[in-house]
Enquirer: 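Got a structure for you, written out below as structure tokens; questions coming shortly.
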Amino acid sequence: MEAKHRVAAARAKDRPTARSYIRSLFDEFTEFHGDRLFGDDPAIVGGIARLGQTYVTLIAQEKGTTTRERAARNFGSAHPEGYRKALRLMKQAEKFGRPVVTLVDTSGAFCGIGAEERGQGRAIAENLMEMMTLRVPVLAILIGEGGSGGALGLSVADEVWMLENSVYSVISPEGCASILWKDAGRAAEAADCLKLTAQDLVQLSVAERIVPERGKGFEETFALLRSDIEAFLDEKQRVPAEELLQARYQKFRKIQP
Amino acid sequence: MIKGLFKKPRNELELSTTGAKPAPSGVYIPPELFTVCPRCKKSVFTSDVQENAYTCPNCGLHMRFPARQRIAWIADPDSFVELWPDLKSSDPLNFPEYKEKLEAAERASGESESVLTGTARIGGIETALFVMDAAFMMGSMGTVTGEKIARLFEHAAEEDLPVVGFTASGGARMQEGMLSLMQMAKTSGAVKRFSDAGGFYLAMLTDPTTGGVTASFAMEADVTAAEPGALICFAGPRVIEQTIRQKLPPGLGRAESLLKNGFLDKIVPRDQQKKFIVRMLRAHKKPRREG
């Protein structure tokens with residue numbers, strides 16, 4: 001499939017959002033709110049989830065499903081307080097030895113006055129640093145759009161998995177085309193050049209696994225994903241923290257010229 | 001190296017561009033002799049600007065400072081030893097027109113990447129130093145930029161050196177796609193390990209420091225200072241205007257407003273930078289490194 005079709009599928013309005021994953025993959029979920037510094041960001045949902053016998057800290061970008069909810073959740077584009085809530089919950093996970101699972105789905109971190117005034121750059125930077133040395137297993141799953149720094153702020157993980165039709169990109173194809181060629185109409189071409197599909201990114205060692213999309217409501221996908229997450233947690237929880245951190249650092253470190 | 005400066009200003013964000021003074025009739029004045037200050041609009045001698053550490057001799061505007069000149073200015077004489085000067089982007093995604101852009105950037109800046117890395121003495125203190133150059137593809141972060149930064153922090157950790165870094169960047173380099181974005185995680189990891197090992201990192205944010213560099217190593221220092229008037233943001237003013245479709249409050253994203261909002265330790269003009277940096281390096285000198 002061409003890259004532009006993947007981009008369209010990743011953004012499709014009827015695509016399951018984080019909420020469907022949380023409901024289908026886990027046996028229970030308790031949401032926690034707030035960053036303890038400024039506010040609570042509805043674009044990012046976080047809390048404790050149970051998968052069989054294992055508790056994990058779950059952090060997800062939620063775009064919303066109805067028009068009203070999409071607006072309330074700022075279409076999944078987080079402010080700094082969203083990234084700071086995520087970090088607070090990740091540090092809590094570390095304290096209690098819980099693995100962290102993130103579900104990534106955003107067109108990008110929000111670009112607005114308040115976001116700048118409250119330090120969007122610093123908030124993301126802090127997550128990148130802290131996630132790199134978080135002493136529990138971290139799994140990031142891209143379920144739709146992975147928009148640049150706003151997606152990376154939840155994706156410094158031991159493994160990055162991508163749904164078959166998710167995309168992960170340094171800039172939107174439209175943005176890339178309008179900057180490079182002054183023509184947003186060439187977005188399809190830009191999408192190709194950017195190498196943003198799951199297939200491309202596994203090849204480039206940015207992602208580890210492609211999760212196939214099966215069933216109209218993703219029922220088969222969820223069942224498969226659940227057992228894959230169980231296997232991941234089972235394997236990574238046995239790895240000594242130092243070894244885990246070394247491997248995580250090397251995963252990103254080796255992405256070089 | 002300064003050749004890239006001689007072009008017409010394209011917009012007000014592009015602060016350090018120079019232009020020709022209209023010559024009096026019948027007298028030929030080589031345009032490169034003069035620089036028109038983008039702020040006070042006065043024509044000033046280019047040589048005066050250069051001798052003044054690329055600030056306007058009339059109004060004090062901090063213009064963009066070519067990386068190699070900045071190093072010669074901040075480091076003790078002849079103490080800079082460049083590390084990894086031969087690393088160059090290999091165009092990993094085979095991105096259209098990228099190779100040509102790299103060549104043009106090399107001609108414009110006289111450098112082979114958007115950052116120079118190495119060691120130098122500053123006030124007699126051995127330091128790991130990185131300086132970004134906005135004249136190279138607007139200081140954008142490609143894989144080589146990230147690699148040099150990560151190597152520098154690893155080297156500094158091994159050699160027990162402090163790190164001083166001058167940032168200047170438009171953000172990630174889209175011609176290297178996700179490999180560019182991954183440099184944010186890579187550099188942040190290197191900074192974190194260096195920091196956990198007790199290393200001292202001072203960042204001086206210069207105009208412009210934006211996007212992926214702001215959201216990674218620019219904002220991860222122990223002491224974060226900036227030059228007066230520098231644009232420092234995650235999303236630039238034009239991007240925000242397009243997103244929210246309203247005019248922005250004046251000064252948004254400038255160093256002075258970041259200081260007010262709590263994201264900078266200090267604004268340090270160029271004429272005070274060496275003193276400030278030396279003072280900070282002394283304050284963080286580890287006792288066992290002495291003598």
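Note that these values count all heavy atoms, side chains included, but never hydrogens, waters or copies made by symmetry. Throughout, protein chains are lettered first and strands after them, A, B, ... in sequence-line order, and every chain is numbered starting at 1.
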Enquirer: Which distance, rounded to the nearest 0.5 Å, do you find between the OG of A:Ser172 and the CE of B:Met174?
Expert: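 Between A:Ser172 OG and B:Met174 CE, I get 10.0 Å after rounding to 0.5 Å.
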Enquirer: Taking the side chain as every heavy atom from C-beta outward, state whether B:Leu252 and A:Glu117 have any pair of such atoms under 4.5 Å apart.
Expert: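 SC-SC contact between B:Leu252 and A:Glu117 confirmed.
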Enquirer: Just give me the residue among A:Leu204, A:Asp192, A:Thr133, A:Asn127 that pairs up with chain B most often, heavy atom to heavy atom, under 4.5 Å.
Expert: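 Heavy-atom pair counts peak at A:Thr133.
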Enquirer: Let me know if B:Glu154 has heavy atoms under 4.5 Å from chain A in its side chain, its backbone, both or neither.
Expert: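 Looking at B:Glu154, just its side chain touches chain A.
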Enquirer: Please classify the contact of B:Ser216 with chain A as side chain, backbone, both or neither, using a heavy-atom distance under 4.5 Å.
Expert: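 Both parts, heavy atoms under 4.5 Å.
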Enquirer: Would you give the length of the straight line joining atom CG of A:Leu134 to atom NZ of B:Lys192, rounded to the nearest 0.5 angstrom?
Expert: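 Answer rounded to 0.5 Å: 9.0 Å.
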Enquirer: In terms of heavy-atom proximity below 4.5 Å to chain B, should A:Arg118 be classed as side chain, backbone, both, or neither?
Expert: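 Contact with chain B: backbone only.
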Enquirer: As an exercise, state the distance from SG of A:Cys111 to CZ of B:Arg238, rounded to the nearest 0.5 Å.
Expert: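 Reported value, rounded in 0.5 Å steps: 13.5 Å.
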Enquirer: Check the pair B:Phe95, A:Cys176 against side chain to side chain contact (heavy atoms under 4.5 Å, CB included), reporting the backbone distance first and the verdict last.
Expert: CA-CA 12 Å; B:Phe95 203 99; A:Cys176 178; 4.1 Å; yes
Enquirer: Where on A:Tyr249 is there a heavy atom nearer than 4.5 Å to chain B: the side chain, the backbone, both, or neither?
Expert: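 Contact with chain B involves the side chain of A:Tyr249 alone.
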Enquirer: Starting from the C-alpha separation in whole Å, work towards a yes-or-no answer on side chain to side chain contact (heavy atoms under 4.5 Å, CB included) for A:Phe252 and B:Thr187.
Expert: CA-CA 9 Å; A:Phe252 292 94; B:Thr187 54; over 6 Å; no
Enquirer: Nearest 0.5 Å please: distance from the NZ atom of B:Lys186 over to the CG atom of A:Leu128.
Expert: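 Result: 14.0 Å between the selected atoms.
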Enquirer: Within the side chain of A:Glu116, is there an N or O that forms a donor-acceptor pair under 3.5 Å with the backbone of B:Ala235?
Expert: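 It does hold such a pair.
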Enquirer: Stepwise, does the side chain to side chain contact (heavy atoms under 4.5 Å, CB included) test hold for A:Leu180 with B:Lys101?
Expert: CA-CA 11 Å; A:Leu180 278 188; B:Lys101 283 199 174 117; 3.4 Å; yes
Enquirer: So which part of A:Leu201 gets closer than 4.5 Å to some heavy atom of chain B, the side chain, the backbone, both or neither?
Expert: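 It is the side chain, since no backbone atom gets that close.
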Enquirer: Pick one of side chain, backbone, both or neither for A:Ile113, based on which atoms fall under 4.5 Å of a heavy atom in chain B.
Expert: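 Looking at A:Ile113, backbone and side chain both touch chain B.
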Enquirer: Rounded to the nearest 0.5 Å, how far apart are CD1 of A:Ile255 and CG of B:Leu179?
Expert: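 Taking CD1 in A:Ile255 and CG in B:Leu179, the distance rounds to 6.5 Å.
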Enquirer: List the steps and the verdict of side chain to side chain contact (heavy atoms under 4.5 Å, CB included) for A:Glu126 and B:Glu220.
Expert: CA-CA 7 Å; A:Glu126 213 170 347; B:Glu220 294 169 345; over 6 Å; no
Enquirer: Report the option among B:Leu93, B:Asp91, B:Val239 that has the most heavy-atom pairs separated by less than 4.5 Å from atoms of chain A.
Expert: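 The residue among B:Leu93, B:Asp91, B:Val239 with the greatest pair count is B:Leu93.
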Enquirer: Only pairs of heavy atoms separated by less than 4.5 Å count here; which of A:Lys251, A:Arg248, A:Gln246, A:Met131 has the most with chain B?
Expert: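 Maximum pair count with chain B is reached by A:Gln246.
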Enquirer: Could you state the interatomic distance from SG (B:Cys233) to CD (A:Gln120), rounded to the nearest 0.5 Å?
Expert: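 Between B:Cys233 SG and A:Gln120 CD, I get 11.5 Å after rounding to 0.5 Å.
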Enquirer: Quick check: closest heavy atoms across A:Ala109 and B:Phe234, and the distance to 0.1 Å?
Expert: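 Nearest heavy atoms, A:Ala109 then B:Phe234: CB-CE2, 3.8 Å.
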Enquirer: Could you tell me which portion of B:Gln175 (side chain, backbone, both or neither) has an atom closer than 4.5 angstrom to a non-hydrogen atom of chain A?
Expert: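 Only the side chain of B:Gln175 comes within 4.5 Å of chain A.
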Enquirer: Quick check on B:Arg245 against chain A: is it the side chain, the backbone, both or neither that has a heavy atom closer than 4.5 Å?
Expert: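 Answer is neither: B:Arg245 stays 4.5 Å or more from chain A.
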Enquirer: Could you tell me which portion of A:Leu196 (side chain, backbone, both or neither) has an atom closer than 4.5 angstrom to a non-hydrogen atom of chain B?
Expert: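 When you check distances to chain B, no heavy atom of A:Leu196 falls under 4.5 Å.
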Enquirer: Between chain A and each of B:Met184, B:Glu97, B:Arg193, count heavy-atom pairs under 4.5 Å; write down the option with the most.
Expert: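 Of the candidates given, the most pairs with chain A belong to B:Arg193.
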Enquirer: Inspect the contact between B:Glu147 and A:Arg253 and indicate whether a charged nitrogen and a carboxylate oxygen are less than 4.0 angstrom apart.
Expert: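 Salt bridge between A:Arg253 and B:Glu147, a charged N being under 4.0 Å from a carboxylate O: yes.
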Enquirer: Looking at A:Lys91, I want to see if its NZ is surrounded by more than 12 non-hydrogen atoms of other residues, nucleotides or ligands under 6.0 Å.
Expert: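 More than 12 within 6.0 Å, yes.
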Enquirer: Please flag which part of B:Ala218 lies under 4.5 Å from any non-hydrogen atom of chain A: side chain, backbone, both or neither.
Expert: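 Neither part; nothing is under 4.5 Å.
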Enquirer: Got B:Arg173 and A:Val170 here, is their nearest side-chain heavy-atom distance under 4.5 Å?
Expert: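 They are not in contact (no side-chain heavy atoms under 4.5 Å apart), so the answer is no.
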Enquirer: Heavy-atom distances under 4.5 Å only: say whether B:Asp196 touches chain A with side chain, backbone, both or neither.
Expert: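 For B:Asp196, the side chain is the part near chain A, not the backbone.
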